[in-house]
Novice: 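The following block contains the structure, expressed as structure tokens.
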There are 2 protein chains.
Amino acid sequence: MPSTKESIIHLADEFIRSRGYTAFSYADISKPLGIKNAAVHYHYPSKSDLAVALVEWHIDHFERFKEKNESKSPADQIKTFLNFYHSIHLSGKVCLIGAFSTDWNSINEDTQGLLRTFTNLVIDWLSEVLQKGLDTGAFNFANAPRAEALRVLTNIFAAAQLSRITDSQDFILVKESIIRELTK
Amino acid sequence: MPSTKESIIHLADEFIRSRGYTAFSYADISKPLGIKNAAVHYHYPSKSDLAVALVEWHIDHFERFKEKNESKSPADQIKTFLNFYHSIHLSGKVCLIGAFSTDWNSINEDTQGLLRTFTNLVIDWLSEVLQKGLDTGAFNFANAPRAEALRVLTNIFAAAQLSRITDSQDFILVKESIIRELTK
DNA sequence: GTCTATATTCCGATAGAC
DNA sequence: GTCTATCGGAATATAGAC
């Protein structure tokens, strides 16, 4: 049974990644929980406190993701990562990085700083996994590890965004071509 | 000398691509023009009228972009396209597709439909140019044209978003690796 | 920890004068 | 085409009771 504080974070995550940071209100969160506006402010005094807590939640979540998958092969780790984005796509939302990157000038400096930390965590992890796959012969690419990590990350998170506009098939096309390119 | 109506579109474009659709107000537009709130509503009665007009402006702009570059080689057309995104990156903004894709659930159906038209215009143009480059031997890739177009587009527009969070160098890394991959 | 009540500001939008 | 004036509502946020 999640606490009210956890439920608030969960709903904020839903709204921020489906509509955007500026587009949701404390009322959007309090209503489905059956509580009042002021109760949400008790847990997170300001909207930016909520934004910071959300990024912290994603950092924790990603650390657990890394641990849970560290024994897998590089190819399986990348596939699991891409499958995570596939579930984002199916939910009709975008990822935290994509959402906050377009909301960049609407979030405060604390949130920006923590988001930078989180984003580099993801890029660094991707770089390491890709490098390992290159060493073991599972992957084949000519870029520097960070450049290759950036290409995989930008491909997949933008595919989740773009396929909202065009077609679900476009997400599949991108996802499959990433795997094909890496393993060719 | 731009008309008020044109200046409004220009400012809306600035705000939507730097902050997001929900994050700007009619007051943001009227103030720098030295006019009142109500004058903006005269030209664009509702905010969604403004959003529709902005997408129409980008469609017109892209059609002119295509005509102006149609005599270039496929490699130069792609480079011009990537340079356009480079200027977006330098301005600290994101592209219209990136901005509205995360604002998707905050824009009305008319805007969504027109944005879908615009996005497919861009993807179709990229597909054609890439295919032509493949035919002439300028490019080398194994994907279907649309899949390759999607990879280029998602790479470059997400690089503009991601480099807001991390570092300007990350945009350069992605841009250069796109060209390198295509021409290798 | 949640409530009622409220302060304050801003929002998109409209009516009617000029 | 722009103005003044204003409406109705929603936003973030706080004070103080329970």
Side-chain angles (χ1 to χ4, degrees), chain A residues 1-55 57 99-100 102-112, chain B residues 1-57 99-100 102-112 114:
Chain A
M1 187 84 169
S3 66
T4 301
K5 194 161 184 169
E6 287 166 340
S7 300
I8 291 170
I9 285 286
H10 180 252
L11 281 166
D13 184 58
E14 294 269 319
F15 288 128
I16 286 173
R17 296 193 298 109
S18 79
R19 291 190 222 156
Y21 177 69
T22 45
F24 88 95
S25 71
Y26 271 48
D28 292 327
I29 287 179
S30 61
K31 271 181 203 162
L33 292 179
I35 58 176
K36 298 295 174 184
N37 191 352
V40 182
H41 278 284
Y42 167 80
H43 294 285
Y44 301 98
S46 77
K47 207 178 173 181
S48 55
D49 293 324
L50 193 43
V52 165
L54 179 59
V55 183
W57 185 91
F100 272 150
T102 59
D103 287 333
W104 187 250
N105 292 321
S106 302
I107 59 180
N108 73 349
E109 285 186 16
D110 286 352
T111 312
Q112 288 180 343
Chain B
M1 186 80 169
S3 66
T4 301
K5 193 160 184 169
E6 288 165 340
S7 300
I8 291 170
I9 285 286
H10 180 252
L11 282 166
D13 184 57
E14 294 268 320
F15 289 128
I16 286 173
R17 294 193 299 109
S18 78
R19 289 190 225 156
Y21 177 69
T22 46
F24 88 96
S25 71
Y26 271 49
D28 292 328
I29 287 179
S30 61
K31 271 180 201 162
L33 293 177
I35 59 178
K36 297 296 174 184
N37 190 350
V40 182
H41 278 284
Y42 167 80
H43 294 286
Y44 300 98
S46 76
K47 208 178 173 183
S48 54
D49 293 324
L50 193 43
V52 165
L54 179 58
V55 183
E56 283 170 347
W57 185 91
F100 272 150
T102 58
D103 286 333
W104 187 249
N105 292 322
S106 303
I107 60 180
N108 72 350
E109 284 186 16
D110 286 353
T111 311
Q112 288 180 344
L114 214 55

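Chain identifiers are assigned alphabetically (A, B, ...) following the order of the sequence lines, protein sequences preceding nucleic acid strands; residue numbering begins at 1 within each chain. It should be emphasised that the depicted structure is a prediction, and the values quoted were computed from it without experimental measurement.
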Novice: Centre of A:Phe24's six-membered ring, under 6.0 Å away, within 45 degrees of the axis: is that where NZ or CZ of A:Lys47 sits?
Specialist: yes
Novice: Which residue pairs pass the side-chain hydrogen bond (donor to acceptor under 3.5 Å, both in side chains) test when at least one of the two sits in residues 35-44 of chain A, sequence neighbours left out?
Specialist: none
Novice: Do nucleotides 3-18 of chain D as a string where each nucleotide becomes B, S or -: B if the base has a protein heavy atom under 4.0 Å, S if just the sugar-phosphate does, - if no protein is that close.
Specialist: BB------SBBBB---
Novice: Looking at B:Thr4, I'd like to know whether one of its side-chain N or O atoms comes within less than 4.0 Å of OP1 or OP2 on D:dT2.
Specialist: yes
Novice: Can you list everything that forms a salt bridge (Lys or Arg N to Asp or Glu O under 4.0 Å) with A:Glu6? Sequence neighbours excluded, please.
Specialist: none
Novice: Can you tell me how far apart CG (A:Leu50) and NZ (A:Lys5) are? Round to the nearest 0.5 Å.
Specialist: 10.5 Å
Novice: When the distance from OH of B:Tyr42 to P of C:dA15 is rounded to whole Å, what number comes out?
Specialist: 16 Å
Novice: Give a yes or no on whether the backbone of A:Ser48 and the side-chain of A:Asn108 come within a donor-acceptor separation of less than 3.5 Å.
Specialist: no
